[in-house]
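Everything numeric here is computed off the predicted structure, so don't read it as measured data. Order of the sequence lines sets the chain letters (A, B, ...), proteins ahead of strands, with each chain counted from 1. The figures that follow rest on heavy atoms only: side chains count, while hydrogens, waters and symmetry mates do not.
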Protein chains: 2
Amino acid sequence: MSAARPGSGSASATRGALLDAAAQLMLEEGYAAVTTRRVAARADANPALVYYYFGTVDELFLALFRRGAEANLRRLEDLRQSAHPLRALWELSSEPHSAALTVEFIALAHHRPAVRAELSAYFVRFRRLQGDILEATLVHRPSTAPSPAALAVLISGLSRVLVMDDALGLTSGHAEVRELIDGFAARFEGVTPTTSDAAASPEPGRADPDGPD
Amino acid sequence: MSAARPGSGSASATRGALLDAAAQLMLEEGYAAVTTRRVAARADANPALVYYYFGTVDELFLALFRRGAEANLRRLEDLRQSAHPLRALWELSSEPHSAALTVEFIALAHHRPAVRAELSAYFVRFRRLQGDILEATLVHRPSTAPSPAALAVLISGLSRVLVMDDALGLTSGHAEVRELIDGFAARFEGVTPTTSDAAASPEPGRADPDGPD
DNA sequence: GTCTATACTTCGATAGAC
DNA sequence: GTCTATCGAAGTATAGAC
């Protein structure tokens with residue numbers, strides 16, 4: 001309660017518009033394009049308001065990340081009720097917007113300690129929750145299968161490389177990797193692995209594809 | 001032959017120093033820190049020399065990427081002679097410096113078309129070569145095993161997520177994933193999967209851990 | 001909460017002397 | 001090949017009126 005600055009609790013429309021603008025810029029032009037002037041211009045707001053709401057650009061980044069992180073953790077919780085948690089998990093990690101933002105934030109984290117700490121804490125929570133869901137879903141997995149923690153790493157890594165490749169136009173081997181994942185999901189969720197199936201039965205909490213994976 | 005600018009063929013010490021400085025800055029502080037002034041300062045050179053050698057900052061990025069890319073492709077070629085090509089392949093993709101630079105370049109590629117085209121072309125070549133080596137190494141693989149192209153994607157994705165996780169201090173599930181890879185390598189290369197083995201028999205062409213994965 | 005005005009820094013890029 | 005000098009644009013951040 002030291003600095004009298006409106007926090008994430010304040011449901012200000014301007015604050016939200018600034019965060020939206022920052023997210024757009026980060027997606028379209030990378031984290032370096034997120035400057036006070038450009039964010040304000042895109043949000044049709046005055047540049048000084050960025051300082052009013054966030055204090056520094058670093059804090060703006062943190063606020064943006066937190067908003068997406070919390071939304072994503074909520075969506076992850078919702079997955080528990082899904083009929084196909086494994087597939088829903090895979091699709092949550094495969095959203096282009098979300099994954100592209102994640103890459104930007106990871107690059108940012110490499111040289112901004114505050115961002116690094118925030119990402120680190122978030123990913124610990126995300127992976128743990130992911131592991132819990134996998135554990136509950138794969139009740140009959142053989143003893144030779146990877147542990148939930150290892151599966152969480154596999155899902156993160158494979159979904160991320162596919163999305164990064166897509167952004168570069170790389171496609172070689174992709175179809176086969178997707179089939180591999182689909183086959184794995186089918187074996188443990190016992191459902192025919194057709195893409196039309198996924199399209200026909202939308203999962204809960206998939207409305208706002210935003211934030212880190 | 002239009003603009004009289006020294007190319008990568010010119011073995012200028014200054015040019016190399018500028019590229020080294022750019023690589024350092026990119027690693028330590030991200031691509032946004034790569035500015036003409038800062039690069040020149042770190043290389044103990046005059047800022048105007050950046051324009052003399054590269055013309056624009058974009059060209060500097062491209063030259064830096066190309067240098068690392070070519071070095072990496074050479075190292076990949078050398079792997080063919082390795083006693084354990086599969087493990088060597090894995091380790092080549094797991095180098096922290098190289099992978100961190102790759103993440104920066106991928107983030108850069110998201111909004112710089114010239115960088116994007118360069119990365120795209122490079123990765124196509126890299127993955128293809130990776131696939132060729134895998135094909136030659138895994139001569140006795142079962143028909144159910146993933147194709148070389150898919151394996152190349154798996155290796156890229158898993159090595160990259162482990163390195164990115166390491167940078168954030170995440171370790172959950174890592175040991176198991178490494179064991180998985182090691183087990184796979186052992187099964188197809190027929191060697192006891194001890195880490196001391198890898199340390200005891202260094203592979204050729206691993207002198208300069210630089211450039212994209 | 002929103003605005004103007006401003007101080008100060010750093011950026012990319014160029015012209016031209018040496 | 002290397003340097004100085006310089007332009008205009010854009011960056012962060014703050015003070016203070018409304």
Side-chain angles (χ1 to χ4, degrees), chain A residues 1-22 24-26 28-64 104 107-108 111-115, chain B residues 1-22 24-26 28-64 104 107-108 111-115:
Chain A
M1 299 285 173
S2 52
R5 199 180 307 288
S8 56
S10 83
S12 157
T14 302
R15 196 188 123 98
L18 290 172
L19 287 177
D20 289 342
Q24 279 175 34
L25 282 169
M26 207 162 174
E28 294 168 14
E29 303 184 45
Y31 65 75
V34 179
T35 68
T36 51
R37 279 174 158 87
R38 297 201 60 189
V39 166
R42 183 164 293 222
D44 272 318
N46 190 286
L49 289 176
V50 175
Y51 296 98
Y52 173 74
Y53 281 107
F54 303 102
T56 67
V57 177
D58 247 78
E59 288 295 325
L60 169 62
F61 277 125
L62 288 177
L64 176 60
E104 291 290 332
L108 251 187
H111 63 279
R112 301 218 189 193
V115 175
Chain B
M1 299 285 171
S2 52
R5 198 179 308 287
S8 56
S10 84
S12 158
T14 302
R15 196 188 124 99
L18 289 172
L19 287 177
D20 289 342
Q24 280 176 33
L25 281 169
M26 206 161 175
E28 294 168 14
E29 303 182 46
Y31 66 74
V34 179
T35 69
T36 52
R37 284 173 159 85
R38 296 200 60 189
V39 165
R42 183 164 294 222
D44 273 318
N46 190 285
L49 289 176
V50 175
Y51 295 98
Y52 173 73
Y53 281 107
F54 303 103
T56 68
V57 177
D58 247 78
E59 288 296 324
L60 170 62
F61 277 125
L62 288 177
L64 177 61
E104 290 291 331
L108 250 188
H111 64 279
R112 300 218 188 193
V115 175

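- Comparing the end axes of the helix from C/dG1-D/dC18 to C/dC18-D/dG1, each fitted to five base pairs by superposing C1' atoms of four pairs onto the next four, gives an inter-axis angle of 10° (nearest 10 degrees).
- With sequence neighbours excluded, no residue forms a side chain to side chain contact (heavy atoms under 4.5 Å, CB included) with B/Ala41.
- Regarding contacts with the backbone of D/dT2, a side-chain N or O of B/Tyr53 is found under 4.0 angstrom from either OP1 or OP2.
- Distance CG (B/Asp58) to P (C/dA13): 8 Å, rounded to an integer number of Å.
- Atom CZ of A/Phe61 is separated from atom P of D/dT12 by 9 Å (rounded to the nearest Å).
- When the side-chain nitrogen and oxygen atoms of B/Thr14 are compared with OP1 and OP2 of D/dT2, one or more of them lie within a distance under 4.0 Å.
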Using a cutoff of under 3.5 Å, can you pull out all pairs of nitrogen or oxygen atoms linking the protein to nucleotides 14-18 of chain D, with atom names and distances?
none

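- A salt bridge (charged side-chain N to carboxylate O under 4.0 Å, His left out) check over residues 48-57 of chain A, counting only residues at least two apart or in different chains, returns nothing.
- A/Glu29 has its CD atom 14 Å from the C1' atom of D/dA10, to the nearest Å.
- Here the CG-OG1 distance, from B/Leu60 to B/Thr36, works out to 9.0 Å after rounding to the nearest 0.5 Å.
- Taken residue by residue, residues 32-47 of chain A places heavy atoms nearer than 4.0 Å to DNA chain D at A/Thr35, A/Thr36, A/Arg37, A/Arg38.
- The nearest pair of heavy atoms linking B/Ala63 to B/Arg15 is CB-NH2, 4.2 Å.
- With sequence neighbours excluded, no residue satisfies salt bridge (charged side-chain N to carboxylate O under 4.0 Å, His left out) with A/Glu59.
- With sequence neighbours excluded, the residues satisfying side chain to side chain donor-acceptor pair (under 3.5 Å) with A/Arg42 are A/Gln24, A/Glu28.
- Qualifying side chain to side chain contact (heavy atoms under 4.5 Å, CB included) partners for A/Ala17, counting only residues two or more places apart in sequence or in other chains: A/Ala43.
- For B/Tyr31, the ring pair (Phe, Tyr, Trp, His ring centres under 6.0 Å) test picks out A/Tyr31, B/His111, with sequence neighbours left out.
- Separating the CZ atom of B/Phe54 from the P atom of C/dT14 is a distance of 16 Å, rounded to the nearest angstrom.
- Across all strands, A/Val57 comes closer than 4.0 Å only to sugar-phosphate atoms, never to a base (heavy-atom distances).
- When the side chain to side chain donor-acceptor pair (under 3.5 Å) test is applied to B/Asn46, no partner is found at least two apart in sequence or on another chain.
- Rounding to whole angstrom units, CG of residue A/Leu49 and P of D/dA13 are separated by 15 Å.
- Regarding A/Tyr52, its OH atom lies at a distance of 7 Å from the P atom of C/dT2, rounded to whole Å.
- Here the rule is side-chain contact (heavy atoms from CB on, under 4.5 Å) with A/Leu62, and of A/Thr56, A/Val115, A/Val57 only A/Val115 fits it.
- Across every non-hydrogen atom of B/Met26 and B/Leu108, the tightest pair is CE-CD1, 3.8 Å.
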